[in-house]
Chemist: 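This is the structure I want to talk about, given as structure tokens.
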Amino acid sequence: MKIALLGLAVSAALVTAAPSIGAGTPIVARALGVGTMNRPFTVKAKPGSMIVESITVKPGGSFGWHTHGSAVAVVITGGTLTVFDPSVSSCAPFKASKGQSFVEPANHIHLARNDGTKPVTLYAIYLGVPKGAQPNIPGTQPAGCNA
């Protein structure tokens with residue numbers, strides 16, 4: 001009797017752990033990063049490459065002033081990233097920490113760096129990088145932004 005109940009419990013756990021879409025096709029999904037967005041956004045994506053990057057920024061590391069050839073969604077999975085964006089609070093820095101996310105539109109100048117003592121880990125999802133283009137394009141510090 002105990003063995004039958006144990007077998008039933010294991011079978012139920014396996015069925016629950018392996019949901020399927022369609023006939024007999026198990027799907028296993030695991031969120032790589034989940035972040036809360038605090039600003040609304042609209043994305044206009046053009047045909048191009050979808051690129052997903054796992055990025056680590058060591059303490060003191062910086063992306064420098066740059067743009068992207070496509071919109072990019074960022075999810076912070078560890079540490080705190082300091083972002084300078086001329087379209088947000090007159091370029092006052094804002095912090096994005098573990099569990100937070102944001103979206104940068106295409107061709108939008110900004111700077112992101114790690115001012116902390118621990119590495120920042122994040123996922124960046126580029127939405128339609130033009131053929132032959134790099135996801136990150138170096139830029140020039142805009143007037144009025146002191147980073």
Chemist: Kindly write out the residues that satisfy side chain to side chain donor-acceptor pair (under 3.5 Å) with Ser97, not counting sequence neighbours, or none if the list is empty.
Modeler: Thr80

Chemist: Output all residues satisfying side chain to side chain donor-acceptor pair (under 3.5 Å) with Lys98, sequence neighbours left out; order by chain, then residue number.
Modeler: none

Chemist: May I have all residue pairs that pass disulfide (SG to SG under 2.5 Å) and include part of residues 43-79, sequence neighbours excluded?
Modeler: none

Chemist: Tell me the closest heavy-atom pair linking Thr77 and Leu32, and the distance in Å.
Modeler: CG2-O, 3.9 Å

Chemist: So which heavy atom on Trp65 is nearest to which on Thr140, and how close?
Modeler: CB-C, 4.1 Å

Chemist: With heavy-atom distances below 4.5 Å as the criterion, would you say the side chains of Asp85 and His108 are in contact?
Modeler: yes

Chemist: In Å and rounded to the nearest 0.5 Å, what is the CD1 to OG distance from Ile125 to Ser70?
Modeler: 11.0 Å

Chemist: Out of Asn114, Leu111, Val57, which residue meets the side chain to side chain contact (heavy atoms under 4.5 Å, CB included) rule with Phe63?
Modeler: Val57

Chemist: May I have all residue pairs that pass disulfide (SG to SG under 2.5 Å) and include part of residues 69-147, sequence neighbours excluded?
Modeler: Cys91-Cys145

Chemist: Do Leu81 and Gln100 have side-chain heavy atoms sitting under 4.5 Å apart?
Modeler: no

Chemist: Could you see if Val75 belongs to whatever hydrophobic cluster contains Phe94? Use Ile, Leu, Val, Met, Phe, Trp, Tyr and a side-chain cutoff under 4.5 Å.
Modeler: no

Chemist: Excluding sequence neighbours, so at least two apart, what forms side-chain contact (heavy atoms from CB on, under 4.5 Å) with Asp115?
Modeler: Thr82, Lys95, Arg113

Chemist: Is any side-chain heavy atom of Leu127 closer than 4.5 Å to one of Met50?
Modeler: yes

Chemist: Please examine the side chains of His68 and Ile137, heavy atoms only from C-beta on, and report whether any two atoms are closer than 4.5 Å.
Modeler: no

Chemist: Would you indicate whether the side-chain heavy atoms of Val88 and Phe102 approach each other to under 4.5 Å?
Modeler: no

Chemist: Can you sort out the partners of Ala133 under side-chain contact (heavy atoms from CB on, under 4.5 Å), two or more places apart, ordered by chain and number?
Modeler: Val129, Pro130

Chemist: Answer with yes or no whether the hydrophobic clustering places Ile55 together with Val72; edges join I, L, V, M, F, W, Y residues whose side-chain heavy atoms lie under 4.5 Å apart.
Modeler: yes

Chemist: Drop me the distance from Phe84's CZ to Ile109's CD1, to the nearest 0.5 angstrom.
Modeler: 13.5 Å

Chemist: Which atom names give the shortest non-hydrogen contact between Pro135 and Ile51, and what distance separates them?
Modeler: CG-CD1, 4.0 Å

Chemist: Are Leu122 and Val83 co-members of a hydrophobic cluster defined by side-chain heavy atoms under 4.5 Å apart?
Modeler: yes

Chemist: Could you note down all residue pairs passing side chain to side chain donor-acceptor pair (under 3.5 Å) where residues 51-64 supplies at least one of them, sequence neighbours left out?
Modeler: Glu53-Tyr126

